Amino acid sequence: MGSFGVIKSIRAPNVRFGARHFQSLRLMRLSRYFMPIARETPKEAEIVSHRLMLRTGMIRQEAAGIYAWLPLGLRVLTKISAIVREEQNRAGAIEVLMPTIQSADLWRESGRYEDYGKEMLRIKDRHDREMLYGPTNEEMITEIFRAYVRSYKDLPLNLYHIQWKFRDEVRPRFGVMRSREFLMKDAYSFDLDAAGSRRSYNKMFVAYLRTFARLGLTAIPMVADTGPIGGDLSHEFIILASTGESEVYCHKDFLSFAPPPADIAFDDADAMQAVVNKWTSLYAATSEKHDAAAFGALDPALQVSARGIEVGHIFYFGTKYSLPMKAVVNGPDGKEHAVHMGSYGIGPSRLAAALIEAGHDEAGIIWPDAVAPFAVGLANLKVGDSATDGACARIYSALGKAGVDVLYDDRDERPGAKFATMDLIGLPNQVIVGPKSLGEGKVEIKNRRSGARELISVEDAIVRFGGAA
RNA sequence: CGGGGUAUAGCGCAGCCCGGUAGCGCGGAAGUUUUGGGUACUUCAGGUCGCAGGUUCGAAUCCUGCUGCCCCGACCA
């Protein structure tokens with residue numbers, strides 16, 4: 001009872017000072033959270049990321065290829081999106097938000113309403129007008145652009161949004177890895193000519209390298225088919241994972257390339273080109289573009305043949321939309337020019353699954369620090385014991401004040417259940433507070449990825465994870 | 001869109017062949033026990049047996065139709 005009061009005293013100030021919203025993003029007591037963990041593996045899940053996302057209560061399937069994101073999953077999705085957003089902004093792209101529902105007329109302008117086929121979900125509104133749930137937004141962004149931009153002086157321009165899309169896949173599968181509804185970041189660049197568009201393309205190329213590196217992933221750009229959108233310059237960014245969906249081939253040196261630094265000059269076209277040149281200088285191809293002879297010419301020790309997951313795709317497609325949709329600007333020559341465009345996609349919802357494919361073991365998920373739903377899992381092995389309750393309260397409060405995301409397992413559960421839960425949900429760091437070690441003034445900290453454990457004092461643990469002693 | 005499965009408690013499954021009014025494990029609630037790697041036991045709650053027809057005295061079970069979901073392939077961020 002007394003210990004319960006200690007815990008409550010942490011929450012009380014949050015409410016009193018109106019900081020509950022902020023605090024609740026940082027701190028969560030498991031006994032008050034909504035994290036429906038399943039002990040058994042759901043039968044429909046085939047691949048490991050899907051299984052773990054269902055088991056940890058990150059997502060719930062509502063229909064084939066359509067998922068609700070539950071709190072734990074939403075935290076990951078939000079963190080992924082935040083990193084994507086930061087790197088888009090850094091590269092000079094500007095955020096907008098376009099609707100999910102679009103008018104069929106817009107798509108008739110580009111000719112794609114007829115071409116797109118059954119993957120497009122077509123809807124009629126109450127006035128019998130033809131609408132659709134957007135599978136992508138080239139038409140709409142072109143419409144927005146042409147409504148306002150008249151001069152080459154307003155170029156280059158790159159607008160992006162992060163929005164839900166729908167593609168009525170014949171056979172959705174692998175959970176959010178290949179769902180019908182999915183969250184997508186799409187950037188669209190506008191330039192006066194092909195050379196300008198190439199510069200915009202390069203910036204996104206560099207931004208993507210940074211984005212995936214920050215997510216803890218090694219993503220390799222590979223020459224790609226241009227697909228239904230068309231165009232002649234395109235790269236897929238592929239991460240290597242043993243459970244990947246397709247076969248990929250690349251030069252081993254890619255695995256040790258350093259990503260571009262945060263302070264790289266995005267306005268320096270030469271610097272951008274140099275990065276792109278470096279990352280396209282070695283062999284890398286998906287199975288569709290694979291050249292067995294060229295690959296075979298490499299030193300066998302440098303040949304990497306692996307499974308890969310596509311997590312990003314960038315295209316240059318020139319005037320494919322600007323011509324039919326009349327997105328033109330006046331150039332310095334006084335004449336009208338159809339703008340050259342490119343589009344650049346990253347799927348945060350797919351990335352959540354891809355990150356699990358790339359980071360898990362028998363016990364569960366292993367999140368990279370950057371997107372872990374919480375940075376620290378705090379396990380009280382004996383709830384109700386005044387010593388462990390007090391130590392946990394101290395750690396919980398100190399880390400919360402320091403802005404560290406902490407999930408506090410204050411449930412009245414067996415230690416074994418708490419260890420299993422912590423390992424399953426994959427928080428990078430665990431602080432284990434039990435009567436045994438606390439008797440010597442210590443708590444155990446465990447690194448989820450390495451499995452390394454250490455016995456240190458409560459104050460040292462606080463400092464270790466970013467709090468002030 | 002072809003091919004193959006499957007649908008019974010929140011989850012995983014048995015029962016169906018051979019019709020007689022539903023069961024097991026996990027999870028949930030209450031309790032005893034245990035207290036550093038999903039503890040053991042007791043009790044309890046929880047089910048329109050996917051939907052609609054049909055056969056039958058009687059259907060989870062047999063027949064017909066429909067739908068959802070999953071897997072393989074083709075397709076795809």
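Convention: sequence-line order gives letters A, B, ...; per-chain numbering from 1. As the structure is a prediction and not an experimental result, all values here were calculated from the model.
- By the 6.0 Å and 45° rule, A/Arg75 stacks over the aromatic ring of A/Phe374.
- Among the protein residues, A/Lys165 comes within range of no part of the nucleic acid, since none of its heavy atoms lies under 4.0 Å from any strand.
- At a threshold of 4.0 Å, the pair A/Arg108-A/Glu130 counts as salt-bridged, since one of the basic side-chain nitrogens sits closer than that to a carboxylate oxygen.
- Within the 4.0 angstrom heavy-atom criterion, only backbone atoms of the sugar-phosphate kind lie near A/Glu44; the bases stay farther away.
- Residue contacts shown for A/Arg55 include a base, since a base heavy atom lies under 4.0 Å away.
- Nucleotide B/U21 is matched to nothing when pairs are restricted to Watson-Crick or G-U wobble geometry with both distances under 3.5 angstrom.
- Nucleic acid contact for A/Lys43: sugar-phosphate only, since backbone atoms but no base atoms lie under 4.0 Å from a heavy atom of the residue.
- Counting non-hydrogen atoms under 4.0 angstrom, A/Ser179 reaches a base of the nucleic acid.
- Across B/G50 and B/G68, the matching C1' atoms stand 7 Å from one another, rounded to whole Å.
- The A/Lys446 side chain lies nearest to B/G37 when the options are B/G37, B/C1, B/C75.
- Separating the C1' atom of B/C49 from that of B/A14 is a span of 13 Å, rounded to the nearest Å.
- With both ends at atom P, the span from B/G53 to B/U61 equals 14 Å, rounded to whole Å.
- Across every strand in view, B/A29 sits in a pair with B/U43 that passes the Watson-Crick or G-U test at under 3.5 angstrom.
- Using atom C1' as the reference point in both B/C11 and B/G73, the two lie 30 Å apart (nearest Å).
- Nucleotides B/U8 and B/C24, compared at atom C1', are 12 Å apart to the nearest Å.
- Backbone-only engagement by A/Gln61 is indicated by non-hydrogen atom pairs under 4.0 Å involving sugar-phosphate atoms exclusively.
- A donor N or O paired with an acceptor N or O is found under 3.5 Å between the base of B/C76 and the side-chain atoms of A/Arg178.
- A 3.5 Å limit on both hydrogen-bonding distances identifies no Watson-Crick or G-U partner for B/U56.
- Atom pair A/Glu362:CD and B/G37:P shows a separation of 18 Å (rounding to whole Å applied).
- Using a distance-only test at 3.5 Å, with no hydrogens or angles considered, a donor-acceptor pair links the side chain of A/Ser281 to the main chain of A/Lys278.
- Remark: of the listed residues A/Thr100, A/Thr136, A/Leu183, A/Thr136 is the sole one forming a side chain to side chain contact (heavy atoms under 4.5 Å, CB included) with A/Lys165.
- Pair assignment for B/A7: B/U67, on the basis of Watson-Crick or G-U wobble contacts that are both within less than 3.5 Å.
- At a threshold of 4.0 angstrom between heavy atoms, the contacts of A/Arg453 include nucleobase atoms, whether or not backbone atoms are also involved.
- Within 4.0 Å of A/Ala64, counting heavy atoms only, lie sugar-phosphate atoms of the nucleic acid but no base atom.
- Judged by distance alone with a 3.5 Å cut-off, no donor-acceptor contact links the side chain of A/Glu40 to the base of B/G27.
- Base engagement by A/Gly434 is indicated by at least one non-hydrogen atom pair under 4.0 Å involving a base atom.
- With hydrogens and angles left out, the side-chain atoms of A/Ser189 and A/Tyr344 include a donor and acceptor closer than 3.5 Å.
- The partner of B/C1 is B/G73, judged by Watson-Crick or G-U wobble contacts that both fall below 3.5 Å.
- Pairing for B/U35 is absent, with no Watson-Crick or G-U wobble pair whose two atom distances lie under 3.5 Å.
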